[in-house]
Amino acid sequence: MLLTPFIMLSVYTFIFGVLFRSRWPSTNEDASIYEFAAILFVGLILFHLFSGVINRAPGLILANKNYVTKIVFPLEILVPVALGSALFQAGVSFIVLLVFMIFIYGYIPLTVFLLPLPLIPFCLIILGLSWFLTSLGTYLRDIGQILGTIVTAMMFLSPIFFPLSRLPDWIQPWVLLNPIALPVEQVRNVVVFGKGLDWQALGIYFVVSLIIAYSGYWFFQKTKKGFADVL
């Protein structure tokens, strides 16, 4: 659990900080060579949290057939369990990041305690989408293969490798439709830059996350009655 994020952070630091000497557009030219790696790592932690659950979702029921055909089991709990596993890995990665930041800056910004606020609606969206995809993947077996390409595209279309502010004003609202975009920006602000949250944007995102979570759960409940028939 500790080794994987430590190795990945070391690789990002070497490639982007040492070899490419990349700098985040919003920082000055004298910024540490390690800073870009830390900023990038925040975005990738959230992306792996998202992709780790979403990519597993279509095969959750197929991987647990016994819970459908042999016993009475609350199948909807499989999605929160998958999310919990991914959250644990993300938590370990954040610990590695914070230790790394102490090495870079000598301190951790107090705004890091705001981290749960953007993570909660992000997890709600993951739950809603995963419930929907878990049900859909039970009936349409090939959806998992298509999904991998879509999730990869979402990574490059979210502000993981660039700040949202670098995009033209007209395209920023379209990028924010990506469910990864706003959490990446907000978490990066509170963890790395020591800035506050955009409460208005986060409030809208939270309302949308509730709607998606409820809709995904409702769709799962309506369709799970036919799981045994297709298995």
Side-chain angles (χ1 to χ4, degrees), residues 4-27 31-56 83 86-87 89-98 100-101 104 109 111-112 114-126 129-130 147-195 197-198 201-202 205 208-209:
T4 300
F6 177 77
I7 291 174
M8 295 309 298
L9 184 55
S10 300
V11 169
Y12 299 146
T13 302
F14 178 72
I15 293 177
F16 293 101
V18 179
L19 291 184
F20 295 157
R21 293 191 174 275
S22 302
R23 297 294 184 272
W24 195 251
S26 61
T27 59
S32 166
I33 63 173
Y34 305 105
E35 188 172 12
F36 185 88
I39 295 170
L40 176 63
F41 194 51
V42 170
L44 290 175
I45 290 173
L46 294 184
F47 170 73
H48 288 305
L49 171 60
F50 180 85
S51 63
V53 183
I54 294 297
N55 284 332
R56 285 182 61 189
L83 176 60
L87 274 173
Q89 180 62 62
V92 173
S93 297
F94 272 117
I95 291 173
V96 173
L97 174 65
L98 294 177
F100 184 72
M101 288 181 58
I104 298 176
T111 51
V112 73
L114 296 173
L115 178 59
L117 296 181
L119 282 183
I120 290 172
F122 185 48
C123 288
L124 288 174
I125 282 185
I126 293 175
L129 293 176
S130 297
L147 190 62
T149 303
I150 295 174
V151 170
T152 301
M154 291 174 68
M155 177 181 69
F156 291 104
L157 294 174
S158 61
I160 293 177
F161 300 97
F162 56 87
L164 187 64
S165 58
R166 296 286 290 186
L167 297 175
D169 291 340
W170 66 270
I171 203 173
Q172 290 184 24
W174 295 102
V175 173
L176 286 173
L177 293 177
N178 185 337
I180 309 173
L182 186 66
V184 167
E185 285 278 300
Q186 297 300 301
V187 171
R188 184 181 286 141
N189 283 340
V190 299
V191 173
V192 179
F193 297 132
K195 299 179 180 179
L197 296 167
D198 184 340
L202 195 60
Y205 187 83
V208 173
S209 72

Asks: Can Phe162 and Leu167 be said to form a side chain to side chain contact (heavy atoms under 4.5 Å, CB included), step by step?
Replies: CA-CA 9 Å; Phe162 56 87; Leu167 297 175; 3.7 Å; yes

Asks: Going from CZ on Phe41 to CG on Leu46, what distance comes out if it is rounded to the nearest 0.5 angstrom?
Replies: 10.5 Å

Asks: Show the numbers, then the answer: is there a side chain to side chain contact (heavy atoms under 4.5 Å, CB included) between Leu157 and Val175?
Replies: CA-CA 7 Å; Leu157 294 174; Val175 173; over 6 Å; no

Asks: Once you round to the nearest 0.5 Å, how far does CE of Met154 lie from CG of Leu147?
Replies: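 One gets 9.0 Å once the value is rounded to the nearest 0.5 Å.
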
Asks: Give me the atom names and distance for the closest heavy-atom approach of Leu182 to Ala201.
Replies: CD2-O, 3.5 Å

Asks: In this structure, which one of Asn55, Val184, Ile180 forms a side-chain contact (heavy atoms from CB on, under 4.5 Å) with Phe50?
Replies: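 One option only clears the test, and that one is Ile180.
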
Asks: Test Leu164 against Leu176 for side chain to side chain contact (heavy atoms under 4.5 Å, CB included), laying out the working first.
Replies: CA-CA 9 Å; Leu164 187 64; Leu176 286 173; 3.6 Å; yes

Asks: To the nearest 0.5 Å, tell me how far Leu119 CG sits from Leu87 CG.
Replies: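 Answer for the CG-CG pair, Leu119 versus Leu87, is 7.5 Å.
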
Asks: Determine the minimum heavy-atom distance between Pro179 and Tyr205, stating which atoms define it.
Replies: O-OH, 2.7 Å

Asks: Any chance you could measure Phe193, atom CZ, to Glu185, atom CD, to the nearest 0.5 Å?
Replies: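 With rounding to 0.5 Å, CZ (Phe193) is 8.5 Å from CD (Glu185).
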
Asks: Please assess Arg188 against Ile39 for the test side chain to side chain contact (heavy atoms under 4.5 Å, CB included), listing each intermediate value before the final yes or no.
Replies: CA-CA 7 Å; Arg188 184 181 286 141; Ile39 295 170; 3.2 Å; yes

Asks: Report the distance from atom CE of Met8 to atom NE2 of His48, rounding to the nearest 0.5 Å.
Replies: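 The CE atom of Met8 sits 6.0 Å away from the NE2 atom of His48.
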
Asks: Is there a donor-acceptor contact under 3.5 Å from the side chain of Arg56 to the main chain of Ser130?
Replies: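 The answer is no, because no donor-acceptor pair under 3.5 Å joins these two groups.
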
Asks: Gln186 side chain to Leu202 main-chain N or O, any donor-acceptor pair under 3.5 Å?
Replies: no

Asks: Out of curiosity, Asp198 CG to Asn189 CG, how far, rounded to the nearest 0.5 Å?
Replies: 9.0 Å

Asks: Answer whether the closest heavy-atom distance between the side chains of Val187 and Phe122 falls below 4.5 Å.
Replies: no

